[in-house]
Number of protein chains: 2
Amino acid sequence: MLSHKTKYALKALLYLAQQDENHISRTIEIAEGANIPKKFLEQILLDLKRGHFVGSKQGKYGGYYLLKDKETITLADIHRLFDGAIALLPCASLNFYERCSDCVEESECHLRHGLMTIRDETLKAMQGITIASLVKK
Amino acid sequence: MLSHKTKYALKALLYLAQQDENHISRTIEIAEGANIPKKFLEQILLDLKRGHFVGSKQGKYGGYYLLKDKETITLADIHRLFDGAIALLPCASLNFYERCSDCVEESECHLRHGLMTIRDETLKAMQGITIASLVKK
DNA sequence: TCTAATTCTACTAATTTTATAGAATTAATT
DNA sequence: AATTAATTCTATAAAATTAGTAGAATTAGA
(Lines give C-alpha, C1' and ligand atoms only; values in the text may rest on other atoms or scores of the structure.)
Protein backbone atom coordinates (compact mmCIF):
# COMPACT_ATOMS: atom_id res chain seq x y z
CA MET A 1 0.00 0.00 0.00
CA LEU A 2 1.04 3.57 -0.60
CA SER A 3 1.68 5.79 2.40
CA HIS A 4 -0.29 9.04 2.64
CA LYS A 5 2.94 10.80 1.79
CA THR A 6 3.20 9.04 -1.57
CA LYS A 7 -0.47 9.57 -2.30
CA TYR A 8 -0.17 13.27 -1.48
CA ALA A 9 2.97 13.56 -3.60
CA LEU A 10 1.15 12.07 -6.58
CA LYS A 11 -1.83 14.34 -6.07
CA ALA A 12 0.46 17.36 -5.84
CA LEU A 13 2.28 16.40 -9.04
CA LEU A 14 -1.07 15.86 -10.73
CA TYR A 15 -2.11 19.32 -9.63
CA LEU A 16 1.08 20.89 -10.96
CA ALA A 17 0.77 19.00 -14.24
CA GLN A 18 -2.66 20.49 -14.80
CA GLN A 19 -1.53 24.10 -14.46
CA ASP A 20 -0.59 26.37 -17.36
CA GLU A 21 3.00 26.25 -18.56
CA ASN A 22 5.13 28.74 -16.54
CA HIS A 23 2.57 28.99 -13.78
CA ILE A 24 4.04 28.88 -10.28
CA SER A 25 1.83 27.34 -7.59
CA ARG A 26 2.06 28.33 -3.95
CA THR A 27 1.97 25.53 -1.37
CA ILE A 28 -1.33 26.75 0.05
CA GLU A 29 -2.84 26.72 -3.42
CA ILE A 30 -1.80 23.07 -4.01
CA ALA A 31 -2.88 22.09 -0.49
CA GLU A 32 -6.37 23.47 -0.99
CA GLY A 33 -6.66 22.33 -4.58
CA ALA A 34 -5.65 18.75 -3.81
CA ASN A 35 -6.96 18.55 -0.23
CA ILE A 36 -3.64 17.93 1.51
CA PRO A 37 -2.61 19.22 5.00
CA LYS A 38 -0.50 22.27 4.22
CA LYS A 39 2.37 21.73 6.65
CA PHE A 40 2.70 18.09 5.61
CA LEU A 41 2.69 19.12 1.97
CA GLU A 42 5.59 21.51 2.60
CA GLN A 43 7.81 18.57 3.51
CA ILE A 44 6.61 16.52 0.58
CA LEU A 45 7.32 19.31 -1.91
CA LEU A 46 10.81 19.70 -0.46
CA ASP A 47 11.41 15.98 -0.97
CA LEU A 48 10.09 16.22 -4.53
CA LYS A 49 12.45 19.12 -5.07
CA ARG A 50 15.43 17.19 -3.72
CA GLY A 51 14.43 14.41 -6.10
CA HIS A 52 14.48 16.91 -8.98
CA PHE A 53 10.85 16.33 -9.89
CA VAL A 54 9.78 19.89 -9.11
CA GLY A 55 11.53 23.23 -9.01
CA SER A 56 10.88 26.11 -6.65
CA LYS A 57 11.13 29.85 -6.56
CA GLN A 58 11.71 31.40 -3.15
CA GLY A 59 10.43 34.60 -1.62
CA LYS A 60 7.35 36.64 -2.47
CA TYR A 61 5.44 35.36 -5.52
CA GLY A 62 7.43 32.13 -5.19
CA GLY A 63 6.15 28.59 -5.28
CA TYR A 64 6.53 25.27 -7.06
CA TYR A 65 6.39 24.04 -10.65
CA LEU A 66 7.07 20.80 -12.51
CA LEU A 67 10.73 20.43 -13.38
CA LYS A 68 10.70 17.05 -15.09
CA ASP A 69 8.53 16.35 -18.11
CA LYS A 70 5.24 14.88 -16.89
CA GLU A 71 5.59 12.12 -19.50
CA THR A 72 8.75 10.88 -17.77
CA ILE A 73 7.63 10.90 -14.12
CA THR A 74 6.38 7.41 -13.34
CA LEU A 75 4.55 5.87 -10.41
CA ALA A 76 7.64 3.74 -9.81
CA ASP A 77 9.80 6.86 -9.36
CA ILE A 78 7.51 8.41 -6.76
CA HIS A 79 7.00 5.13 -4.95
CA ARG A 80 10.75 4.69 -4.65
CA LEU A 81 11.28 8.25 -3.42
CA PHE A 82 8.76 8.04 -0.58
CA ASP A 83 7.96 4.39 0.11
CA GLY A 84 11.18 2.81 -1.09
CA ALA A 85 11.43 -0.60 -2.71
CA ILE A 86 8.92 -1.84 -5.29
CA ALA A 87 9.79 -5.44 -4.43
CA LEU A 88 7.90 -7.26 -1.68
CA LEU A 89 11.07 -8.02 0.29
CA PRO A 90 14.39 -6.13 0.41
CA CYS A 91 16.23 -9.27 -0.73
CA ALA A 92 14.28 -9.15 -4.02
CA SER A 93 14.84 -5.44 -4.61
CA LEU A 94 16.94 -3.81 -7.33
CA ASN A 95 17.39 -0.40 -5.72
CA PHE A 96 16.95 -1.19 -2.03
CA TYR A 97 18.62 -4.57 -1.72
CA GLU A 98 19.21 -5.89 1.78
CA ARG A 99 19.77 -9.38 3.05
CA CYS A 100 17.10 -10.94 5.29
CA SER A 101 18.37 -11.37 8.84
CA ASP A 102 16.55 -14.69 9.10
CA CYS A 103 17.94 -16.01 5.82
CA VAL A 104 20.32 -18.97 5.98
CA GLU A 105 21.36 -19.33 2.33
CA GLU A 106 19.94 -16.66 0.02
CA SER A 107 20.78 -18.47 -3.19
CA GLU A 108 18.64 -21.38 -2.05
CA CYS A 109 15.68 -19.28 -0.86
CA HIS A 110 12.52 -20.51 -2.58
CA LEU A 111 10.62 -17.36 -1.71
CA ARG A 112 13.10 -14.88 -3.17
CA HIS A 113 12.81 -16.23 -6.71
CA GLY A 114 9.05 -15.86 -6.76
CA LEU A 115 9.24 -12.36 -5.34
CA MET A 116 11.69 -11.29 -8.04
CA THR A 117 9.18 -12.39 -10.66
CA ILE A 118 6.49 -10.30 -8.97
CA ARG A 119 8.88 -7.36 -8.77
CA ASP A 120 9.55 -7.48 -12.51
CA GLU A 121 5.84 -7.55 -13.32
CA THR A 122 4.89 -4.82 -10.85
CA LEU A 123 7.77 -2.62 -11.89
CA LYS A 124 6.82 -2.86 -15.54
CA ALA A 125 3.25 -1.89 -14.71
CA MET A 126 4.29 0.99 -12.46
CA GLN A 127 6.69 2.36 -15.04
CA GLY A 128 3.79 2.44 -17.47
CA ILE A 129 1.84 4.89 -15.31
CA THR A 130 3.11 8.45 -15.75
CA ILE A 131 1.79 11.74 -14.39
CA ALA A 132 0.81 12.60 -17.95
CA SER A 133 -1.09 9.35 -18.45
CA LEU A 134 -3.00 9.93 -15.22
CA VAL A 135 -4.00 13.46 -16.22
CA LYS A 136 -5.35 12.24 -19.54
CA LYS A 137 -7.81 9.78 -17.96
CA MET B 1 6.50 -4.58 1.05
CA LEU B 2 5.56 -7.71 2.95
CA SER B 3 5.46 -7.56 6.75
CA HIS B 4 7.60 -10.07 8.65
CA LYS B 5 4.36 -11.80 9.54
CA THR B 6 3.54 -12.48 5.89
CA LYS B 7 7.10 -13.55 5.14
CA TYR B 8 7.09 -15.94 8.10
CA ALA B 9 3.69 -17.31 7.06
CA LEU B 10 5.02 -18.07 3.59
CA LYS B 11 8.15 -19.70 4.98
CA ALA B 12 6.05 -21.81 7.34
CA LEU B 13 3.75 -22.93 4.51
CA LEU B 14 6.80 -23.72 2.41
CA TYR B 15 8.15 -25.82 5.27
CA LEU B 16 4.87 -27.70 5.63
CA ALA B 17 4.64 -28.27 1.88
CA GLN B 18 8.03 -29.97 1.91
CA GLN B 19 7.11 -32.54 4.55
CA ASP B 20 5.86 -36.04 3.82
CA GLU B 21 2.15 -36.50 3.32
CA ASN B 22 0.42 -37.12 6.70
CA HIS B 23 3.37 -35.73 8.66
CA ILE B 24 2.38 -33.42 11.50
CA SER B 25 4.87 -30.65 12.33
CA ARG B 26 5.20 -29.19 15.80
CA THR B 27 5.53 -25.39 16.06
CA ILE B 28 9.05 -25.65 17.46
CA GLU B 29 10.06 -27.85 14.53
CA ILE B 30 8.77 -25.29 11.98
CA ALA B 31 10.29 -22.41 13.96
CA GLU B 32 13.72 -23.98 13.94
CA GLY B 33 13.45 -25.31 10.40
CA ALA B 34 12.40 -21.97 8.93
CA ASN B 35 14.20 -19.68 11.39
CA ILE B 36 11.14 -17.94 12.81
CA PRO B 37 10.66 -16.74 16.45
CA LYS B 38 8.59 -19.51 18.02
CA LYS B 39 6.07 -17.45 19.97
CA PHE B 40 5.45 -15.21 16.96
CA LEU B 41 5.00 -18.26 14.76
CA GLU B 42 2.32 -19.60 17.13
CA GLN B 43 0.12 -16.62 16.34
CA ILE B 44 0.80 -16.87 12.64
CA LEU B 45 -0.12 -20.55 12.54
CA LEU B 46 -3.35 -19.78 14.38
CA ASP B 47 -4.18 -17.14 11.77
CA LEU B 48 -3.37 -19.61 8.98
CA LYS B 49 -5.65 -22.08 10.69
CA ARG B 50 -8.49 -19.57 10.95
CA GLY B 51 -7.95 -18.92 7.24
CA HIS B 52 -8.30 -22.67 6.56
CA PHE B 53 -4.84 -22.94 4.99
CA VAL B 54 -3.53 -25.32 7.65
CA GLY B 55 -5.12 -27.79 10.04
CA SER B 56 -4.01 -28.64 13.57
CA LYS B 57 -4.08 -31.50 16.00
CA GLN B 58 -4.10 -30.59 19.67
CA GLY B 59 -2.49 -32.26 22.63
CA LYS B 60 0.54 -34.53 22.79
CA TYR B 61 1.93 -35.50 19.38
CA GLY B 62 -0.12 -32.65 17.93
CA GLY B 63 0.99 -29.97 15.50
CA TYR B 64 0.20 -28.46 12.14
CA TYR B 65 -0.22 -29.70 8.57
CA LEU B 66 -1.27 -28.27 5.21
CA LEU B 67 -5.04 -28.35 4.82
CA LYS B 68 -5.38 -26.75 1.39
CA ASP B 69 -3.69 -28.17 -1.67
CA LYS B 70 -0.34 -26.43 -2.11
CA GLU B 71 -1.19 -25.84 -5.78
CA THR B 72 -4.12 -23.65 -4.75
CA ILE B 73 -2.50 -21.48 -2.07
CA THR B 74 -1.31 -18.31 -3.80
CA LEU B 75 0.84 -15.39 -2.74
CA ALA B 76 -2.23 -13.18 -3.16
CA ASP B 77 -4.16 -15.24 -0.57
CA ILE B 78 -1.47 -14.99 2.08
CA HIS B 79 -0.85 -11.31 1.39
CA ARG B 80 -4.54 -10.59 1.88
CA LEU B 81 -4.73 -12.61 5.09
CA PHE B 82 -1.86 -10.81 6.81
CA ASP B 83 -1.13 -7.56 4.98
CA GLY B 84 -4.56 -6.92 3.53
CA ALA B 85 -5.19 -5.22 0.21
CA ILE B 86 -3.13 -5.95 -2.89
CA ALA B 87 -4.06 -2.55 -4.33
CA LEU B 88 -1.89 0.48 -3.59
CA LEU B 89 -4.78 2.46 -2.09
CA PRO B 90 -7.96 1.20 -0.37
CA CYS B 91 -10.10 3.05 -2.94
CA ALA B 92 -8.62 0.83 -5.68
CA SER B 93 -9.07 -2.42 -3.77
CA LEU B 94 -11.45 -5.26 -4.58
CA ASN B 95 -11.49 -6.95 -1.16
CA PHE B 96 -10.58 -4.06 1.15
CA TYR B 97 -12.36 -1.16 -0.47
CA GLU B 98 -12.54 2.07 1.50
CA ARG B 99 -13.10 5.62 0.40
CA CYS B 100 -10.23 8.10 0.81
CA SER B 101 -11.03 10.69 3.47
CA ASP B 102 -9.34 13.38 1.37
CA CYS B 103 -11.24 12.46 -1.78
CA VAL B 104 -13.71 14.97 -3.17
CA GLU B 105 -15.25 13.05 -6.07
CA GLU B 106 -14.02 9.47 -6.42
CA SER B 107 -15.39 8.94 -9.92
CA GLU B 108 -13.26 11.84 -11.12
CA CYS B 109 -10.06 10.77 -9.32
CA HIS B 110 -7.23 10.51 -11.83
CA LEU B 111 -5.07 8.52 -9.48
CA ARG B 112 -7.61 5.78 -8.75
CA HIS B 113 -7.88 4.65 -12.36
CA GLY B 114 -4.14 4.14 -12.68
CA LEU B 115 -3.96 2.28 -9.41
CA MET B 116 -6.70 -0.09 -10.48
CA THR B 117 -4.64 -0.97 -13.54
CA ILE B 118 -1.65 -1.70 -11.31
CA ARG B 119 -3.84 -3.77 -9.01
CA ASP B 120 -5.02 -5.95 -11.89
CA GLU B 121 -1.46 -6.59 -13.09
CA THR B 122 -0.05 -7.24 -9.63
CA LEU B 123 -2.94 -9.48 -8.65
CA LYS B 124 -2.52 -11.57 -11.77
CA ALA B 125 1.17 -12.00 -11.03
CA MET B 126 0.59 -12.82 -7.36
CA GLN B 127 -2.09 -15.37 -8.19
CA GLY B 128 0.45 -17.09 -10.42
CA ILE B 129 2.78 -17.78 -7.51
CA THR B 130 1.64 -20.78 -5.46
CA ILE B 131 3.29 -22.58 -2.57
CA ALA B 132 3.80 -25.52 -4.94
CA SER B 133 5.46 -23.35 -7.60
CA LEU B 134 7.85 -21.92 -4.99
CA VAL B 135 8.85 -25.36 -3.73
CA LYS B 136 9.66 -26.51 -7.25
CA LYS B 137 12.19 -23.75 -7.87
C1' DT C 1 11.86 48.07 4.73
C1' DC C 2 7.70 45.36 4.40
C1' DT C 3 5.52 41.35 2.96
C1' DA C 4 4.87 36.74 1.64
C1' DA C 5 6.74 32.93 0.16
C1' DT C 6 10.10 28.69 0.74
C1' DT C 7 13.31 26.23 3.75
C1' DC C 8 15.00 24.00 7.82
C1' DT C 9 15.13 21.67 12.34
C1' DA C 10 12.92 19.68 15.83
C1' DC C 11 9.29 17.65 17.99
C1' DT C 12 4.93 15.09 19.09
C1' DA C 13 1.11 12.07 18.80
C1' DA C 14 -0.93 8.11 16.95
C1' DT C 15 -0.67 3.81 14.85
C1' DT C 16 1.24 -0.39 13.48
C1' DT C 17 4.45 -3.98 13.85
C1' DT C 18 6.97 -7.35 16.17
C1' DA C 19 7.16 -9.73 19.25
C1' DT C 20 6.76 -12.04 24.51
C1' DA C 21 4.44 -13.96 28.83
C1' DG C 22 1.77 -16.97 30.99
C1' DA C 23 -2.38 -19.45 31.88
C1' DA C 24 -5.99 -22.57 29.91
C1' DT C 25 -7.17 -26.38 27.16
C1' DT C 26 -6.59 -30.68 24.78
C1' DA C 27 -5.33 -35.41 24.07
C1' DA C 28 -2.07 -39.36 23.96
C1' DT C 29 0.41 -42.26 26.90
C1' DT C 30 1.67 -44.46 31.23
C1' DA D 1 -6.23 -40.94 37.12
C1' DA D 2 -1.89 -38.69 36.52
C1' DT D 3 1.70 -37.12 33.49
C1' DT D 4 3.38 -35.03 29.60
C1' DA D 5 3.58 -32.23 25.64
C1' DA D 6 1.34 -30.04 22.45
C1' DT D 7 -2.10 -26.15 20.78
C1' DT D 8 -4.94 -22.16 22.06
C1' DC D 9 -6.14 -17.84 24.15
C1' DT D 10 -5.68 -13.22 26.24
C1' DA D 11 -3.04 -9.64 27.46
C1' DT D 12 0.78 -6.84 27.29
C1' DA D 13 5.09 -4.42 25.96
C1' DA D 14 8.71 -2.55 23.26
C1' DA D 15 10.21 -0.70 18.98
C1' DA D 16 9.59 1.34 14.66
C1' DT D 17 7.09 3.92 11.41
C1' DT D 18 3.81 7.21 9.92
C1' DA D 19 1.36 11.43 9.98
C1' DG D 20 1.29 15.76 11.13
C1' DT D 21 2.63 20.30 13.74
C1' DA D 22 5.45 24.36 15.45
C1' DG D 23 8.20 27.91 14.83
C1' DA D 24 12.29 30.25 13.42
C1' DA D 25 15.44 31.30 9.44
C1' DT D 26 16.02 32.57 4.82
C1' DT D 27 14.87 34.56 0.42
C1' DA D 28 13.34 37.92 -2.84
C1' DG D 29 9.91 41.05 -4.98
C1' DA D 30 7.55 45.43 -4.39
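All values reported here derive from a predicted model rather than from experimental measurement. We name chains A, B, ... by the order of the sequence lines, and we start the count at 1 in each one.
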### Query
Got a donor-acceptor contact below 3.5 angstrom from the B:Asp120 side chain to the B:Thr117 backbone?
no
### Spacing of B:Glu42 atom CD relative to D:dC9 atom P, expressed in whole Å
12 Å
### Query
Picking from A:Leu41, A:Leu16, A:Ile73, A:Val54, what satisfies side-chain contact (heavy atoms from CB on, under 4.5 Å) with A:Leu48?
A:Val54
### Query
In whole Å, what is the span from the CG atom of A:Leu46 to the C1' atom of D:dA19?
16 Å
### Query
Going hydrophobic residue to hydrophobic residue with side-chain gaps under 4.5 angstrom, can you get from B:Val135 over to B:Ile36?
yes
### Message
Pick the closest DNA chain C nucleotide for B:Lys39 and for B:Leu2 by heavy atoms, then say which residue is nearer the 5' end.
### Response
B:Leu2
### Message
Using whole Å, what does the distance between atom P of nucleotide D:dG29 and atom CZ of A:Arg26 come to?
### Response
17 Å
### Task
Determine the contact category for B:Tyr8: base if any of its heavy atoms lies under 4.0 Å from a base atom, sugar-phosphate if only primed atoms, P, OP1 or OP2 are that close, otherwise nothing.
sugar-phosphate
### Task
Identify which one of B:Leu89, B:Leu88, B:Leu94 satisfies the side-chain contact (heavy atoms from CB on, under 4.5 Å) criterion when paired with B:Arg119.
B:Leu94
### Message
As an exercise, state the distance from OH of B:Tyr64 to CZ of B:Arg26, rounded to the nearest 0.5 Å.
### Response
13.5 Å
### Message
Pick the closest DNA chain D nucleotide for A:Tyr61 and for A:Lys38 by heavy atoms, then say which residue is nearer the 5' end.
### Response
A:Lys38
### Rounded distance in Å - CD (A:Gln43) to P (D:dG23)
15 Å
#### Entry: d(CG, A:Asp83; P, D:dA16) in whole Å
19 Å
### Task
Starting at CG of A:Asp102, measure out to OH of B:Tyr8 and round the result to the nearest 0.5 Å.
5.0 Å
## Note on the structure
Here the distance between atom P of D:dC9 and atom CG of B:Leu41, to the nearest Å, is 16 Å
### Task
For DNA chain C, note the earliest and the latest nucleotide, 5' to 3', having some atom under 4.0 Å of a heavy atom belonging to chain B.
C:dT18 to C:dT29
### Query
Rounded to the Å, how far apart are B:His4 NE2 and D:dA16 C1'?
11 Å
### Task
Pick base, sugar-phosphate or nothing for A:Phe40, based on heavy-atom distances below 4.0 Å to the nucleic acid.
base
### Task
Would you mind reading off the distance between B:Met1 atom CE and D:dT18 atom P, rounded to a whole angstrom?
10 Å
### Message
Nearest 0.5 angstrom please: A:Gln43 CD to A:Leu46 CG, how far?
### Response
8.0 Å
